[in-house]
Structures are given as structure tokens and as C-alpha cells.
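Accompanying notes for the structure given below.
None of the values given here were measured: they were computed from a predicted structure.
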Amino acid sequence: MLDNYEQFKKDIYALTKIDLNAYKEKQMRRRIDTLIGKNKVDSYDKYVDLIKKDKEKFEQFVNFLTINVSEFYRNPDQWKILDQEVFPKLIEKYGKRLTIWSAACSTGDEPYSLVMALSRHLPMSDIKIIATDIDKQVLEAAKVGLYNEKSIASVPDDLKKKYFTKIGNSYQIAEEIKQRVDFREHNLLRDPYPTGCHLIVCRNVVIYFTDEAKDEIYAKFNQSLVKGGMLFIGSTEQIMNYKDLGFVRNKSFFFEKE
């Protein structure tokens, strides 16, 4: 059993500015211990030394720490609500130039889905998505925009045909979709949030945080939204105290800022 996890958390924060205190300890520690074992290191101190010296191991650590389970149009029924109800309402209320933030965007499936979905309502030139993630590696993968068949399985057929090109067994997303997304590195627990957002999409991410960290994130999302703006969360998540955080439940996974 590796010991002195408390010091390890401090060392990791100093090195990466990732606060491991915000994650559920048992779950996160088990994942980290597995990774350390794979690297044949027998103490936290030695592992910290390793990732300080070896850039590849450092990137491996950040990548392993980040939960990257992503696919286009994940939970299609919810995207239908976004397409048929939420987008028309936001466009009617705020006009064509919407500020939309895909938080913890992983490999880009979500922000690219947002661009494609919005393209049914707006000219491509009016669409701009801010997409952020803590993990540099997944952001780089997102910018490449190459996906497997499983990732794009839920994309509506007309959009799949229009915006993807098959390359071997993979699918490359169109450059015109890529150009509408501004990818940025961002830590939800540390960095300033974008402001004036009309829609924030953050799905199946905060389940990995403590209740205190969740409340902090949702409160900051509320501050980031304009009045009447919308937060779209994942099907694995609930906001039990949404009223206390300044939200009104609009649909099961959509919360409107009061």
C-alpha cells in the first residue's frame, strides 16, 4: 500500500494545479495507485519525481486522471430537446450570436455536435462554441477531429453525410465545423469562467467530484449564464438543490437561470 497520499496531493497541486481534494478520494486514489504500479514505482515521492523529469509520463498522468468517455449526440433524446425546444427559444430571446460553452469537452465530440445541431438553425458564420478541458492531450485530439465509427453512431444521417469523411476505418470531421470551435485549456475548480453565456453544456463530468465541489461548480455556472440562460447536464447527474443555486428546472436535464 502506498502511503502519504496527503503529501502527494500537495505535490500534484504544486506541479499541475489540479486539486485532488475535490475528487472522491477512494475512487481517485485507486486509479492513481494502478497507474503508479504500471510505471513500476513503489512510492508517491518517486512517482512525483518521475513525472517532474519525464514530460511523457507527466502527460500520461494528466490524461489518466481525466475521465474521457465521449461520443457525438450522447443520449439522442436529450439532443432532440436541445434542437427542437432549447435552441429556438434561445435564438428567439437573444438573437443569432449566442455564447455557448462546452465545459470539460474531452475529445471534442460534444462541441462539434453543438455546431452541427446549431447549423440547422443558424448560418455557420454565426456559430461559435467555447470548448474547454483540463487535459491538453484530449484538446489536441479534439483539434485533429478524427473519430471511430462508434463515436459518431448517434449523429443524424444527414449531418454525418455532410460533415464527415471516411479515412480508413476512421471519420474526419469537416474543417468548417472545426473552425467554429475555440478550444481552451481550463480547470473547472481553479480558473475564471467565461461570462455572458446563453448555454453551458457540462455533461457526465461533475459526478466525479465531491458534493462541495459540485455546488461550487454549479454556482459558478449560474454566475456565467445570462438571466434565462440554460445549463444542460448529463443523464448520470442530478442537481437536487438547484433552487438554492439559482436555477429553475426546465426539463429533466436542462436548468434555466432565474
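- Interatomic distance, CD of Q179 versus CE of M124, reported as 9.5 Å (0.5 Å rounding).
- For N75 (side chain) and D77 (main-chain N/O), no donor-acceptor pair under 3.5 Å exists by modelled atom type.
- A donor-acceptor pair under 3.5 Å is absent between the side-chain atoms of R30 and the main chain of D33, judged by distance alone.
- Heavy atoms from other residues, nucleotides or ligands lying under 6.0 Å from NZ of K150 number 12 at most.
- A salt bridge between K220 and E216 is present, with a side-chain N of the basic residue lying under 4.0 Å from a carboxylate O of the acidic one.
- Residues I51 and Y13 do not share a hydrophobic cluster, defined by chaining ILVMFWY side chains whose heavy atoms lie under 4.5 Å apart.
- Distance alone, capped at 3.5 Å, places no donor-acceptor pair between the R180 side chain and the V115 backbone.
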Quiz prompt | Steps toward side chain to side chain contact (heavy atoms under 4.5 Å, CB included) verdict (N39, Q60) | solution = CA-CA 10 Å; N39 281 284; Q60 180 197 45; 3.2 Å; yes
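- Taking all atoms of both residues into account, the shortest heavy-atom contact from K214 to I207 is CE-CA, 4.1 Å.
- For an aromatic pair to be called close, the ring centres must be under 6.0 Å apart, and F254 with Y242 fails this.
- For the pair D42 and K46, the salt-bridge criterion is met [side-chain N within less than 4.0 Å of a carboxylate O].
- Judged purely by atom type and a 3.5 angstrom limit, H121 uses its side chain to pair as donor or acceptor with the backbone of D83.
- Atoms NZ and OG, on K257 and S224 in that order, are 8.0 Å from each other to the nearest 0.5 Å.
- For N169, the CG atom sits in a loose shell: 12 or fewer heavy atoms of surrounding residues, nucleotides or ligands are nearer than 6.0 Å.
- In this structure, the side chain of Y47 does not engage the main chain of G37 through any donor-acceptor pair within 3.5 Å.
- The one candidate from L231, I239, L82, I233 that meets the side-chain contact (heavy atoms from CB on, under 4.5 Å) condition with F253 is I233.
- Considering only heavy atoms from C-beta on, T132 stays 4.5 Å or farther from D191 through its side chain.
- At least one side-chain heavy atom of L245 sits less than 4.5 Å from a side-chain heavy atom of D215.
- More than 12 heavy atoms of other residues, nucleotides or ligands lie within 6.0 Å of NZ in K93, so this atom counts as buried by the packing criterion.
- K178 contributes a side-chain N or O that, together with a main-chain N or O of V144, makes up a donor-acceptor pair within less than 3.5 Å.
- Side-chain contact, N250 with E85: no donor N or O sits under 3.5 Å from an acceptor N or O.
- Centroid-to-centroid, the aromatic rings of F72 and Y171 stay 6.0 Å apart or farther.
- The aromatic rings of Y193 and F221 are tilted relative to each other, their planes meeting at an angle between 30° and 60°.
- The backbone N or O of L139 lies less than 3.5 Å from no partner atom in the side chain of D133, so there is not a single donor-acceptor pair.
- Residues D45 and D11 form a side-chain contact, since some pair of their non-hydrogen atoms from C-beta on lies under 4.5 Å apart.
- Using a 4.5 Å heavy-atom cutoff, the side chains of I32 and F61 are in contact.
- The heavy-atom pair separating M230 from L225 by the smallest distance is O-CD2, 3.5 Å.
- How far NZ of K162 is from CD1 of I177: 8.0 Å, rounded to the nearest 0.5 Å.
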Quiz item: Passes side chain to side chain contact (heavy atoms under 4.5 Å, CB included), Y218 versus F255? Steps please.
Solution: CA-CA 10 Å; Y218 286 137; F255 293 83; over 6 Å; no
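- Annotation for V206 and E237: closest pair N-OE2, 3.2 Å, computed over non-hydrogen atoms.
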Self-check item: CA sep, side-chain torsions, deciding dist, call: M28, Y208, side chain to side chain contact (heavy atoms under 4.5 Å, CB included)
Solution: CA-CA 9 Å; M28 186 52 71; Y208 299 104; 5.8 Å; no
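- Distance check: E59 CD to D54 CG gives 10.5 Å after rounding to the nearest 0.5 Å.
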Self-check item: Derivation and outcome, side chain to side chain contact (heavy atoms under 4.5 Å, CB included), residues L118 and I129
Solution: CA-CA 10 Å; L118 267 171; I129 309 293; 4.0 Å; yes
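- Hydrophobic clustering keeps V155 apart from L146 (ILVMFWY residues linked when any side-chain heavy atoms are closer than 4.5 Å, directly or through intermediates).
- A 4.5 Å side-chain heavy-atom check between F232 and E110 finds every atom pair outside the cut-off.
- Test F87, Y94, W101 against H198 for ring-ring contact (aromatic ring centres under 6.0 Å, His included) and you get one pass: Y94.
- Heavy-atom neighbours of Q238 CD from other residues, nucleotides or ligands within 6.0 Å: at or below the threshold of 12.
- Here the closest non-hydrogen pair linking P156 and R120 is CB-NH2, 3.4 Å.
- Using a distance-only test at 3.5 Å, with no hydrogens or angles considered, no donor-acceptor pair links the side chain of Y44 to the main chain of K9.
- Side-chain contact, D109 with T107: a donor N or O sits under 3.5 Å from an acceptor N or O.
- Under the 4.5 Å side-chain heavy-atom criterion for ILVMFWY residues, no single connected hydrophobic cluster contains both L90 and V248.
- The backbone N or O of Y73 sits less than 3.5 Å from a side-chain atom of S113, completing a donor-acceptor pair.
- Taking each heavy atom of S119 and Y163 in turn, the nearest pair found is OG-OH, 3.8 Å.
- Closest non-hydrogen pair, R203 versus R74, comes out as NH1-O, 3.0 Å.
- Between the OG1 atom of T210 and the CD atom of E25 there is a distance of 11.5 Å, given to the nearest 0.5 Å.
- Of the possible donor and acceptor atoms, none in the side chain of K128 sits under 3.5 Å from a partner among the backbone N and O of T99.
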